[in-house]
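Structure, as C-alpha cells:
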Amino acid sequence: MSQEKLQSHTVQTTGHAWDGDLQEYNNPIPNWWLYAFYITVFAAIAYWFTYPAWPVGQGFTKGFDQITYVNDKGVTKTTHWNTRALFIKENNEAIAAQKPYFDKVASMPFDQIAKDPELNSFVLSAGKQLFSDNCAACHQQGGGGKMDFAPNLTDDDWLYGGHYANIQQTITNGRHGYMPPFAEVLTDTQMTQLADYVLSLSHNPVNPESAKAGDALFHSETAACYYCHGDDAKGREAHGSANLTDSIWLWADVPDAKTIPLKEAAVKNVIRTGLNKGVMPSWKDRLSAEQIKLLTVYVHELGGGK
C-alpha cells in the first residue's frame, strides 16, 4: 500500500516505529464483543452466588437458589439447588400430571381401558416406559423375550394364561416355574423317545417308532408328563406348563437346531436336567396397584390382545 493511501486512513498506533516507516497499529476489538465479555463476567458472578459453586474447607457454597420437593415418604423438604433435588421435583410434577390418567385407569374395567382412545394412548406411552424400566431386562425391549431365559410376550402363547386377570396376578405376585429332572428316572433311550414324541407334536420328522414309544411313556406313570402338560400335551395354565404342540419353544432351542439329532439333544437336555429357573419376581412392593394395572393392559396388548 502506498504512503499516500496509508496517510489517508485514520489509524491508531501504539507509537512504536521501526526503520522509520514500519509502525505498530492499535486495532481495538469491536465494542459489541467487549460488552458481551462484560456480560459473561457478570453472569458468572451471578451464577457463583445463585448455585453451589465454590469449595470451602470440607464443604462448598450452597448458593441462594432453593428447591422444594416431596420425598418418597411424603415429606415436603426445601434444600439448596442440586441435581438430585431437581430430579425429584420434576418427578413430582410428572406424577401429578399423570395422576388423573392413573386414577381413570384404576376406576375402569380392563376391557374399557383399551376402548378409550385417549386413555389407550396414555397406556401405550406410560406402559412402554414402565416396561422398559422394569421388564425389558429379562423380556427384552418390545417384549420379544430370550431363549432359555424369559418368555416372548408378543405371541399368543401364555404359560399362565393371557387374560387380564392372569397377567395382573403374574406381575403382582411373580411366578416360579418348575419341572423335575428325569436323569435318575429315565434311561437315555427313554429320554430320546420322549424327545421324539415331543418333537413330533410340532411336526418334526422324527423316527415314528421312537415317537410312538415316547407317546406311551409320556402318558405312563413312569414319566407321568401328562400330569403337568395334560393328556393332549397342551399344557396347564395352573402349573405354567408349556404347550408342547404349538411349535413355540422357550427352554429348548429347537428352532436354531439344524438337524433332528440336535433338536433331540436340546429337548433331552431339558428332560434330563429339569427346570428350576423360570422365576419371575413379585412387583407388588415396587410398583403401585395403578402401575401394575396399566402394565397389565400394556403387556396384554403386546400379545395381540389375546
Side-chain angles (χ1 to χ4, degrees), residues 72 87-88 90-92 94-95 97-99 101-116 118-179 235-243 246 248-253 255-256 270 275-306:
D72 56 358
F87 171 78
I88 297 175
E90 291 177 346
N91 192 51
N92 291 159
I95 291 174
Q98 292 179 345
K99 189 176 185 305
Y101 292 98
F102 275 109
D103 289 344
K104 197 172 181 180
V105 167
S107 64
M108 291 179 65
F110 282 111
D111 55 347
Q112 293 299 316
I113 294 173
K115 295 177 182 178
D116 186 314
E118 182 181 8
L119 196 57
N120 192 49
S121 177
F122 172 72
V123 167
L124 294 178
S125 176
K128 182 178 181 180
Q129 188 62 52
L130 280 172
F131 189 92
S132 178
D133 291 344
N134 301 283
C135 313
C138 293
H139 293 284
Q140 311 299 298
Q141 291 289 353
K146 186 175 181 180
M147 179 65 68
D148 194 33
F149 187 64
N152 181 354
L153 303 178
T154 65
D155 55 27
D156 60 355
D157 181 65
W158 300 88
L159 293 176
Y160 293 94
H163 297 293
Y164 290 113
N166 301 130
I167 299 172
Q168 186 179 39
Q169 183 179 5
T170 296
I171 298 172
T172 302
N173 299 317
R175 299 290 187 181
H176 189 166
Y178 175 75
M179 173 179 164
R236 299 182 190 275
E237 291 181 359
H239 301 297
S241 54
N243 181 349
D246 58 6
I248 296 176
W249 303 89
L250 171 58
W251 304 114
D253 194 1
D256 283 346
V270 176
L275 293 169
N276 194 24
K277 55 185 177 180
V279 180
M280 173 176 165
S282 166
W283 293 94
K284 61 185 177 183
D285 295 328
R286 176 165 177 170
L287 301 178
S288 68
E290 293 80 9
Q291 288 175 316
I292 289 176
K293 188 171 183 180
L294 184 145
L295 196 52
T296 296
V297 179
Y298 179 79
V299 171
H300 184 270
E301 294 307 304
L302 284 179
K306 297 179 182 179

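In what follows, every heavy atom counts, from backbone to side chain, and hydrogens, waters and symmetry copies are set aside.
Using a 4.5 Å cut-off on side-chain heavy atoms (C-beta onward), L130 and Y298 make no contact. Side-chain contact between D116 and Q112 is absent, with no heavy atoms from C-beta onward closer than 4.5 Å. H239 has its side chain out of reach of L159: every pair of non-hydrogen atoms, C-beta onward, lies at least 4.5 Å apart.
Pairing each heavy atom of W158 with each of V299, the nearest pair is CH2-O, 3.7 Å. Closest approach of V297 to Y164, counting heavy atoms only: CA-CE2, 4.3 Å. Closest approach of V105 and I113 over heavy atoms only: O-CD1, 3.6 Å. Considering every non-hydrogen atom in both C138 and A150, the closest pair reads O-CB, 3.2 Å. For Q140 against G145, the heavy-atom pair with the smallest separation is CG-O, 3.3 Å. The shortest non-hydrogen separation linking G162 to I167 is O-CD1, 3.5 Å.
Remark: A136 pairs with F131, Q141 by the side-chain contact (heavy atoms from CB on, under 4.5 Å) rule, at least two apart or across chains. Applying the side chain to side chain donor-acceptor pair (under 3.5 Å) criterion to D148, with sequence neighbours excluded, gives K277. In this structure, D246 has no salt bridge (charged side-chain N to carboxylate O under 4.0 Å, His left out) partners at least two apart in sequence or on a different chain. Listed by chain and residue number, T245 satisfy the side chain to side chain donor-acceptor pair (under 3.5 Å) test with N243 (two or more places apart in sequence, or in another chain).
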Residue pair C135, L295: steps toward the side-chain contact (heavy atoms from CB on, under 4.5 Å) verdict: CA-CA 10 Å; C135 313; L295 196 52; 3.8 Å; yes
- prompt: Step by step, would you call R236 with S241 a side-chain hydrogen bond (donor to acceptor under 3.5 Å, both in side chains)?
  reply: CA-CA 5 Å; R236 299 182 190 275; S241 54; 5.9 Å; no
- request: Please assess L294 against F122 for the test side-chain contact (heavy atoms from CB on, under 4.5 Å), listing each intermediate value before the final yes or no.
  value: CA-CA 9 Å; L294 184 145; F122 172 72; 3.4 Å; yes
message: The test is side-chain contact (heavy atoms from CB on, under 4.5 Å); show your working for Y160 and N166 and say whether it passes.
response: CA-CA 7 Å; Y160 293 94; N166 301 130; 5.5 Å; no
task: List the steps, then state whether side-chain contact (heavy atoms from CB on, under 4.5 Å) holds for D256 with W249.
output: CA-CA 10 Å; D256 283 346; W249 303 89; over 6 Å; no
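Checking side-chain atoms of T296 against main-chain N and O of I292 turns up a donor-acceptor pair under 3.5 Å. Between the side chain of Q291 and the backbone N or O of S288 there is at least one donor-acceptor pair closer than 3.5 Å. Listed for the H139 side chain is a donor-acceptor partner under 3.5 Å among the backbone atoms of P151. Although no hydrogens or angles enter the test, the distance criterion places no donor-acceptor pair under 3.5 Å between the side chain of T154 and the main chain of G303.
Applying the salt bridge (charged side-chain N to carboxylate O under 4.0 Å, His left out) test to every pair with at least one member in residues 284-294, sequence neighbours left out, gives no pairs at all. Within the structure, no pair that satisfies the salt bridge (charged side-chain N to carboxylate O under 4.0 Å, His left out) test touches residues 127-147, not counting sequence neighbours.
Distance check: M280 CE to I171 CD1 gives 5.5 Å after rounding to the nearest 0.5 Å.
For OH of Y101, the number of neighbouring non-hydrogen atoms (other residues, nucleotides, ligands) closer than 6.0 Å is 12 at most.
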